[in-house]
Undergrad: 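For reference, the structure I am asking about is given below.
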Amino acid sequence: MEQAATTRRGYFNSARIAVIAMFSSLAGILYIFNFSMSFAFPSFLEFNFSDIPTLIGTFTLGPVSGVIITVIKILLKLVFKGTSTVFVGELSDLVTSCVFAVTAGLIYKRKRTFKGALIAMAAGTAAEVAVAIIFNWLVLVPFYVQFFFHGSWEPLIGMMTPLFPNCTKENFYNFYLWVSILPFNLMRCLVAVLVTLPVYKRISNLINKFNAKITPKDDASGEKVRKINIGAIIAGVAILALLVLFALLRFFVF
């Protein structure tokens with residue numbers, strides 16, 4: 001019944017767009033205020049709490065909305081703070097956060113129970129950690145070495161030696177993937193899980209009540225709401241395009 005109602009009113013109705021905007025703004029703010037934990041991880045691995053509203057939004061609205069929240073939070077960070085990694089760090093966060101949101105969201109969508117939520121979070125965590133390790137191993141580290149350091153491993157190893165004095169080119173991946181990337185991403189996911197688990201139901205109920213208030217009761221109001229939904233979609237697409245434009249301008253012009 002719920003799925004049929006959603007199809008009839010359209011996935012991107014004004015209520016959903018408003019809630020996506022709310023979660024995206026909160027996630028974007030938390031993503032901007034990231035910080036390093038140099039006592040435990042290499043300083044270029046920066047921690048933030050943006051996965052919390054992303055996961056709550058995914059459980060509440062579905063995996064597609066979770067991906068949109070992830071994209072918008074990264075664009076907001078690029079607009080207001082820019083990038084220090086030529087978009088490499090942001091690309092990594094985009095990939096891992098989307099994997100986390102989609103995996104958890106798809107499972108929870110099929111089994112909307114407390115047990116289903118636990119399974120979804122566990123699967124999402126496992127998927128994000130695995131993808132983070134593989135993506136860093138096969139894509140990010142080779143790109144960094146070639147693009148930033150012209151094939152030299154010394155600068156990257158120099159960033160690791162404050163924590164791991166025995167780090168060399170030969171054992172770099174042992175320290176980086178298994179002692180840094182794995183526990184770092186595991187901690188990111190666990191923090192999001194521990195905060196999301198006790199609160200997402202209450203938030204979801206509030207959003208459902210809000211959505212029920214603007215659901216059309218007859219054909220006339222239904223037509224009015226459809227017009228509002230179309231306007232909201234156009235405004236959302238325009239804002240998204242502006243965020244992309246400003247992010248590129250900040251990098252290439254400013």
Side-chain angles (χ1 to χ4, degrees), residues 1-31 47-74 93-134 182-217 225 229 236:
M1 181 180 295
E2 181 180 353
Q3 185 177 0
T6 300
T7 302
R8 186 171 60 252
R9 296 192 301 271
Y11 184 85
F12 290 109
N13 56 54
S14 56
R16 183 180 295 271
I17 292 173
V19 177
I20 288 175
M22 178 188 70
F23 281 121
S24 299
S25 300
L26 180 56
I29 293 171
L30 293 174
Y31 189 52
F47 187 83
N48 63 80
F49 296 100
S50 65
D51 285 329
I52 297 170
T54 302
L55 183 57
I56 296 174
T58 300
F59 273 13
T60 305
L61 302 171
V64 174
S65 298
V67 171
I68 295 172
I69 293 168
T70 300
V71 171
I72 294 176
K73 79 175 183 182
I74 291 175
D93 288 336
L94 174 64
V95 171
T96 55
S97 293
C98 283
V99 167
F100 185 40
V102 169
T103 304
L106 286 175
I107 294 174
Y108 183 68
K109 186 178 180 180
R110 292 179 175 273
K111 195 175 180 66
R112 300 181 70 88
T113 63
F114 182 77
K115 183 180 179 181
L118 291 177
I119 296 173
M121 291 175 178
T125 298
E128 176 176 337
V129 171
V131 168
I133 291 172
I134 294 171
L182 189 153
F184 178 81
N185 282 275
L186 185 61
M187 184 178 68
R188 270 181 56 179
C189 293
L190 287 178
V191 168
V193 166
L194 291 174
V195 174
T196 299
L197 200 57
V199 302
Y200 81 93
K201 269 296 185 183
R202 294 181 181 179
I203 294 175
S204 180
N205 290 336
L206 289 175
I207 292 171
N208 288 337
K209 291 179 181 178
F210 168 73
N211 191 33
K213 289 183 178 180
I214 66 169
T215 299
K217 301 298 187 298
V225 170
N229 290 343

Undergrad: Can you check whether Leu61's main-chain N or O pairs, donor with acceptor, with Arg16's side chain at less than 3.5 Å?
TA: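 Judged by distance alone, yes, a pair lies under 3.5 Å.
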Undergrad: Nearest 0.5 Å, what's the OG1-CD1 distance between Thr54 and Ile69?
TA: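 That separation rounds to 6.0 Å.
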Undergrad: Of Ser24, Ser25, Ser50, which is the lone residue that meets side-chain hydrogen bond (donor to acceptor under 3.5 Å, both in side chains) with Lys73?
TA: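 Result: among Ser24, Ser25, Ser50, Ser50 is the only option passing the side-chain hydrogen bond (donor to acceptor under 3.5 Å, both in side chains) with Lys73.
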Undergrad: At what distance, to the nearest 0.5 angstrom, does CG of Leu197 lie from CG of Leu55?
TA: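 Here the rounded value is 9.5 Å.
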Undergrad: Between atom CZ of Phe49 and atom CG of Leu26, what is the distance when rounded to the nearest 0.5 Å?
TA: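 Answer rounded to 0.5 Å: 12.5 Å.
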Undergrad: Might you point out which heavy atoms bring Arg112 and Thr60 nearest each other, and give the distance in Å?
TA: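 Closest heavy-atom pair between Arg112 and Thr60: NH2-O, 4.4 Å.
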Undergrad: What are the two closest heavy atoms between Phe100 and Met121, and how far apart are they?
TA: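 What the structure gives for the nearest pair is CE1-O, 4.1 Å.
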Undergrad: Can you see which heavy atom on Val67 is nearest to which on Cys98, and at what distance?
TA: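 Nearest pair, atom of Val67 first, then Cys98: CG1-SG, 3.9 Å.
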Undergrad: Which heavy atom in Phe23 sits nearest to a heavy atom in Pro53, and how many Å separate them?
TA: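 Answer, listing the atom of Phe23 first, then Pro53: CD2-O, 3.6 Å.
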Undergrad: Of all the heavy-atom pairs spanning Leu106 and Pro63, show the shortest one and how long it is.
TA: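 Of all heavy-atom pairs spanning Leu106 and Pro63, the closest is CD2-CG, 3.7 Å.
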Undergrad: Hey, would you say the Tyr200 and Tyr108 ring centroids sit under 6.0 Å apart?
TA: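 Centroid separation for Tyr200 and Tyr108: below 6.0 Å.
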Undergrad: Taking side chain as C-beta onward, heavy atoms only, is Asn48 less than 4.5 Å from Leu30?
TA: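 No, every pair of side-chain atoms sits at 4.5 Å or beyond.
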Undergrad: Between atom CZ of Phe59 and atom CD1 of Ile203, what is the distance when rounded to the nearest 0.5 Å?
TA: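 One finds 12.0 Å between CZ of Phe59 and CD1 of Ile203.
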Undergrad: Look up atom CG in Asn185 and atom CG in Leu190, then write down how far apart they are to the nearest 0.5 Å.
TA: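 Rounded to the nearest 0.5 Å, the CG-CG separation comes to 10.5 Å.
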Undergrad: Can you find a pair of side-chain heavy atoms, one from Asp51 and one from Ser97, that are under 4.5 Å apart?
TA: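 With C-beta onward as the side chain, the pair touches.
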Undergrad: Ala192 and Ile52: which non-hydrogen atoms are nearest, and at how many Å?
TA: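 That would be CA-CG1, 3.8 Å.
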Undergrad: Regarding Arg188 and Thr125, is there a side-chain donor-to-acceptor distance under 3.5 Å anywhere?
TA: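 No, no side-chain donor-acceptor contact under 3.5 Å.
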Undergrad: Any heavy-atom pair between the side chains of Val71 and Leu94 that's under 4.5 Å?
TA: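 With C-beta onward as the side chain, the pair touches.
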